[in-house]
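Single-structure report; data block below.
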There are 2 protein chains.
Amino acid sequence: MPSSMTKIDEKPTDRNSLFLHANNREKGVTTQEHIYAQLRDAIMLGRFRPGMSVTIRGLAELLKTSPTPVREALRRLSSENGLELLPNRRIVVPRMTAERLEELIETRVELERFSAVRALPFINDRLIDELEVIDARIDKAVLAGDRDKQIRDNQLFHRTIYCANPDNIRMPMVESVWLQLGPFLRIALREMGDFYKIDRHKEAIAALRARDPKLLRAAIEADVRDGVGQLGHDAVATILSEG
Amino acid sequence: MPSSMTKIDEKPTDRNSLFLHANNREKGVTTQEHIYAQLRDAIMLGRFRPGMSVTIRGLAELLKTSPTPVREALRRLSSENGLELLPNRRIVVPRMTAERLEELIETRVELERFSAVRALPFINDRLIDELEVIDARIDKAVLAGDRDKQIRDNQLFHRTIYCANPDNIRMPMVESVWLQLGPFLRIALREMGDFYKIDRHKEAIAALRARDPKLLRAAIEADVRDGVGQLGHDAVATILSEG
DNA sequence: TTTCGAAAAATGTGATATCATTTTTATAAA
DNA sequence: TTTATAAAAATGATATCACATTTTTCGAAA
């Protein structure tokens, strides 16, 4: 486990506990954009535990800026349902329920299968080669136990496929689902261990090479379900009770 | 045509042209929330023409507030892809292309069919009665030529179905698609006239009463396609060239 | 008339101050 | 010890100011 996780593990309800690199942002990127990216990344990688609350001032202090850009970044993240603005104006990481989890998974399946098929006409061999490079990186990350890289490159793999369609308007929706699964995903991956059964990515690549929509749909669905869907109801209950 | 549209028609690229009631917001609603709702409503109802640009200060003046809450509202709307924040920091209403329109329609079909079916287990007779009341209101609005009411109540009809599922996480995505269709929808409705072929809502209601998923999917798909999908390619081209 | 360039205006971004509300803390009573 | 209550602190919301960048304006040169 990376040492950067310890603090959160100690006091689950503590806010503003920690995250990555504080302020090494490129030129031309606004503060708001930078904060948004940082927070989004942290949520995606499961740095924030469900139920945890954050404050504008706390984040501003942590990221060495004023409340204004933080507030806008939070507004965006809540628009994408990565954070929840409670009626009492408190900002929390949404809690997971078995029902919500199922909705998220089924929605991932629907959106991503469809997006893959809609991208198919735009797929070329160069892009498939690129996908194989990414997939190789994922395999290496799994072996190395590098969860962050695994999660990030897995998303990159999917994003690369779907965005082959230049007019794809579902990408923000897919990203929103990923964001909502983020706080849960980290815990799930820990519980599940690394028992990756079959490499669905290789199935997807084969389907893309064959330009076969049905195979592609099946591969994407299988991959999504393998990711978080395969958890038995008992395991889900265990994880849910935790956060 | 409501008189409230004239200004925009006169000078299509003018910004901050007009909208509804300026400041009659309920107590407890924050300024940002109010502005967000106003702008969202305006976009949904096609008050903003594709390509039109808005400014923070302009909207702030128009709505009699400071730039701060306006910026946050705009941030939210761009997160929902109802507005576009250009790299040169200008804020514009996205333009429509034939490809994007097709993506939007197909995504509506996928999302809404699925959401309807996922709501089916939660449907009760009281809710179906409610739907019939809403549908009657729509019929009346169509006859009266009240486009605003037609659009609003049509959305309410769909929302009422999908939100019967208390864990539905696709509603924000559906609303985002509606938002993106907004600026186009108004023009499309004007071009198409009122030739509503068959009342798909009544088909949907029948399917709900029968608790029949297949019928429901078919009815929802037909309704969505009737809405904007039925436009021939020529008509689309005409409309697109306009904005 | 068109094109170019500098001044002026407009605009987005971010920091700070103020206010209202909420949360927390501290103190006292049961 | 627990509960209730009031003071204190924290927090979110908004307005305002300053700054950097972009856009527009306007006049001179081609």
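Keep in mind that this is a model prediction, so the values were computed, not measured. Chain naming here is simple, since letters A, B, ... match the order of the sequence lines and numbering starts at 1 in each.
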Nearest-Å distance for atom pair [atom1]/[atom2], residues [X] and [N]:
X	N	atom1	atom2	value
L86(A)	dT22(C)	CG	P	13 Å
Q32(B)	dA15(D)	CD	C1'	15 Å
E33(B)	dT14(D)	CD	P	10 Å
L59(B)	dT11(C)	CG	P	10 Å
L85(B)	dT11(C)	CG	P	16 Å
E61(B)	dT16(D)	CD	P	13 Å
R71(B)	dT16(D)	CZ	P	15 Å
R89(B)	dT23(D)	CZ	P	11 Å

Nearest to the side chain of [X], which nucleotide is it out of [options]?
X	options	result
R90(B)	dT14(D), dG14(C), dT24(D)	dT24(D)
T65(A)	dA13(D), dG14(C), dA15(C)	dA15(C)
R57(A)	dA15(C), dA15(D), dT18(C)	dT18(C)
S66(A)	dA15(C), dT22(D), dG12(D)	dA15(C)
T68(A)	dT16(C), dG12(C), dG12(D)	dT16(C)

- Item | Along DNA chain C (nearest heavy atom to each residue), the more 5'-positioned of P87(A) and P69(A) |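 Mapping each residue to its closest nucleotide by heavy atoms, the 5'-most match is P69(A).
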- Task: Apply the test side-chain contact (heavy atoms from CB on, under 4.5 Å) to residues I43(B) and L83(B): give CA-CA distance (whole Å), side-chain angles for both, the deciding distance (0.1 Å), then the verdict.
- Result: CA-CA 9 Å; I43(B) 297 172; L83(B) 291 175; 4.0 Å; yes
- Have a look at R118(B) and tell me which of E103(A), E106(A), E110(A) forms a side chain to side chain donor-acceptor pair (under 3.5 Å) with it.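 The side chain to side chain donor-acceptor pair (under 3.5 Å) with R118(B) is passed solely by E103(A) among E103(A), E106(A), E110(A).
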- Task: Hey, could you give me each pair passing salt bridge (charged side-chain N to carboxylate O under 4.0 Å, His left out) that has a residue in residues 153-166 of chain A? Not counting sequence neighbours.
- Result: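 Every pair satisfying salt bridge (charged side-chain N to carboxylate O under 4.0 Å, His left out) with a residue in residues 153-166 of chain A: R137(A)-D153(A), K149(A)-D153(A), R159(A)-E175(A).
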- Query: Between E33(A) and R40(A), is there a salt bridge with N-O shorter than 4.0 Å?
  - Reply: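 Looking at E33(A) together with R40(A), the answer is no, because their closest N to O distance does not fall below 4.0 Å.
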- Item | Salt bridge present between D41(A) and R152(A) (N-O < 4.0 angstrom) |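 The answer is yes: the pair qualifies as a salt bridge.
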- Message: Pick the closest DNA chain D nucleotide for P67(B) and for I91(A) by heavy atoms, then say which residue is nearer the 5' end.
- Response: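 It is I91(A), whose closest nucleotide lies nearer the 5' terminus.
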- Query: Would you say N88(A) reaches dT21(C)'s phosphate, i.e. side-chain N/O to OP1/OP2 under 4.0 Å?
  - Reply: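 No, because none of the side-chain N or O atoms of N88(A) sits under 4.0 Å from OP1 or OP2 of dT21(C).
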- Query: Which ones in residues 72-84 of chain B lie close to DNA chain D, meaning a heavy atom under 4.0 Å from one of its atoms?
  - Reply: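 Those residues: none at all.
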- Those residues that, when tested against E130(A), pass side chain to side chain donor-acceptor pair (under 3.5 Å) (two or more places apart):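 Counting only residues at least two positions away or on another chain, E130(A) forms no side chain to side chain donor-acceptor pair (under 3.5 Å).
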- Item | 4.5 Å side-chain heavy-atom contact, R75(B) and L85(B) |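 SC-SC contact between R75(B) and L85(B) confirmed.
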